[in-house]
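Below is one structure; the comments refer to it alone.
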Amino acid sequence: MDFLDLAPARHAAGSVRLPGSKSISNRFLLLAALAEGETRIRDLLLSDDTERMLDALKTLGIRWESLGQENDFLVCGAGGPFPARQAELFLGNAGTAFRPLTAALALSNGRYRLSGVPRMHERPIGDLVDALRQVGADIRYLGNEGFPPLEVLPATIQAGGRVAVRGEASSQFLTALLMALPLSGRGATVEVAGELISKPYIDITLKLMSRFGVSVERDGWRAFHIPAGARYRSPGTVHVEGDASSASYFLAAGAIGGGPVRVEGVGRDSIQGDVRFAEALQAMGAQIAMGANWIEAAAPADGRLKAIDLDCNHIPDAAMTLAVMALFAEGTTRLTHIASWRVKETDRIAAMATELRKLGALVEEGADFIAVSMQRGEPPAAVSRRLTFKPNAAIDTYDDHRMAMCFSLACLGGVPVRIHDPKCVNKTFPDYFDRFLSLLAPVIAIDGPSASGKGTVAALVAEKLGFHYLDSGALYRLVALAALRAGLTFDDGEALARIAETLPATFEGSRILLDGEDVSAAIRSEECSTGSSKVAAFPAVRAALLGRQRAYQQAPGLVAEGRDMASVVFPDAQLKVFLTATAEARAERRHKQLIDKGMSANIDTLLQDLRERDARDSARAVAPLQKCADAELLDTTDLTVDEAVTWVLERVRQRLPQAAARSRNKEAPRA
Ligand code: DC
């Protein structure tokens, strides 16, 4: 069984750039496909659900291409129904693809079959089919009545009148109808029968339709008028904002684990209802700050989260995160109006209850609510946290991305947690766990040219903060040494990569061991220096060392020093520093080092060497020496080592106040 073990943690801080919103991505893709003209979609989410939509559009004759940078895509719209009049579509478990495509295909006068994974065939779609049949669509159930798979047959659409749709199972049925009806060109009025749940998602639909030139007039939440002659037209370029539901896990981590945790990509200007998750956090006592495009969460001033009683109809997805947060709050958290959870990726109420109990929670569940508390008697959470979490819970995730993401938070209870099938997060957030772990153990990436002082400064900063320290250059040096000892030359990348993969190296304080032998001095030899720079130019060697380097990211944090720490190995590092100094100053430092070691040295030769090495390092194709755009630059020419360390620690205080405070507390008894 595939699983991920999360180590116990208590602190979370840092910032995360969010992937694009799933709801917005799939809506934009469909609208762009139906619109007249080309649409450039920026920051599209790349995940299973959007891949299902992209594949389906291709099968349906829509041309699109990846523009190869920052998740930008170009979609050539059909300017009406799909070009392919016959197709077979497999849509996995992507509700945001299945429902809107069903509606759009029902109005495309062709012959189509739509199917998904077994769970998709257990998720109701009868309300949508009933509504589409009212306008003349011919849709047949291929399995059970009311559920996918479906067959859509050619039919003459008689729009122009009224269509009734039920809104209490899923708002996606109304979304699907609204997005598809303009294809008939005749106008229509959609009336919602019964209650309409998850209204904020309808808001997203209407806003995006209007970006594509179709304004829907809304009469409360009961009736929606699509004007006759409405046609989708590409607005040119559209931008997908960050995913607000995905933001909830990181904000929750900030509220539980001290924080501050900042998410970038959603904020006050967001059109997604799930940003209101921040209000729920605030009601639990968390401290929230918000800008146009970011939200930040930190623990309550007294460190104690309070239980809440909340109608979650407006935030159905983010509400799952609240169910896990309830473990950390004093009292019983009651989440109501969540019946739709039962027909999502899994029966989320049942799944949530089962898994929360594994952690020691008391859970009560009903048809449309869940109530969670960690312990009877409600002792102060701050005291009980350590005691009440059951360690080593193995969490089942039911092929539900949100179950996996929600339960990652449990490790902040200071207990080890195992997450089964962690890859199910691919549905909406393929690198979720990397981002989450980066908050638990912040990374400070330090780089700079040879003799800029980066090694000395990085080691001292790590020591002051009590962080782990990664000297990535030493790994390349070790590969070079191991290769020399194995009698290899430095031109066989594959053989070198095999050495890198199985390198029997360990770091013990300042001692570096290869196969148990102390090679701290040996790897600094001239031969190893030259060798390491050759070894480091092979992409296969770099790839082989990647996982090993990332494994250093462990609580309470890591200072990682070397060439591509900020750009490739830890692109989400909370602080990136690039040290520099004039070549003259660096040559002088190196000269002094050598003289101090009793070696002879010529300052002019050293200067010449440094200049040549700088030129080579900056020009090389693989991992060139370059300052990352988001790295802070420090010129150490006129600074002592202590001054440089102080400067970096000051930046740590600004970016990672929790880490800085912990290091101060740690030092206090010694002072
Ligand atoms: O920092 P150092 O001199 O110990 O590094 C040894 C070699 O490895 C040097 O040629 C740069 C290279 N290197 C790299 O390519 N990527 C890293 N992350 C670290 C070092």
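Counting begins at 1 with the first residue of the sequence. Note that ligands are numbered from 1 as they come in the structure, with each ligand's atoms numbered from 1 the same way. Since we're looking at a predicted model, the values are computed, not measured.
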Please name the pair of heavy atoms, one in Phe570 and one in Gln549, separated by the smallest distance, quoted to 0.1 Å.
CZ-O, 3.4 Å
Scan for ring-ring contact (aromatic ring centres under 6.0 Å, His included) pairs involving residues 433-454, sequence neighbours excluded, and state none if there are none.
Tyr432-Phe436
Of all the heavy-atom pairs spanning Met403 and Asp396, show the shortest one and how long it is.
CE-O, 4.1 Å
Run the side-chain donor-acceptor check on residues 492-507: report pairs under 3.5 Å with partners two or more places apart or on a different chain.
residue : atom : partner : partner atom : Å
Asp492  : OD1  : Glu494  : N            : 3.3
Asp492  : OD1  : Ala495  : N            : 3.2
Thr502  : OG1  : Arg498  : O            : 3.1

When you check ligand 1 against the protein, what N or O pairs turn up below 3.5 Å? List the atom names and distances, or just say none.
residue  : atom   : partner : partner atom : Å
ligand 1 : 3 (O)  : Arg477  : NH2          : 3.0
ligand 1 : 4 (O)  : Arg477  : NE           : 2.7
ligand 1 : 15 (O) : Arg542  : NH1          : 2.8
ligand 1 : 15 (O) : Arg542  : NH2          : 3.3
ligand 1 : 15 (O) : Arg620  : NH2          : 2.8
ligand 1 : 16 (N) : Arg542  : NH2          : 2.8
ligand 1 : 18 (N) : Ser472  : OG           : 2.9
ligand 1 : 18 (N) : Arg563  : N            : 3.2
ligand 1 : 18 (N) : Asp564  : OD1          : 3.0

Listed by chain and number, what are the salt bridge (charged side-chain N to carboxylate O under 4.0 Å, His left out) partners of Asp243, not counting sequence neighbours?
none
How long is the straight-line distance from CD1 of Ile446 back to OG of Ser452, given to the nearest 0.5 Å?
9.5 Å
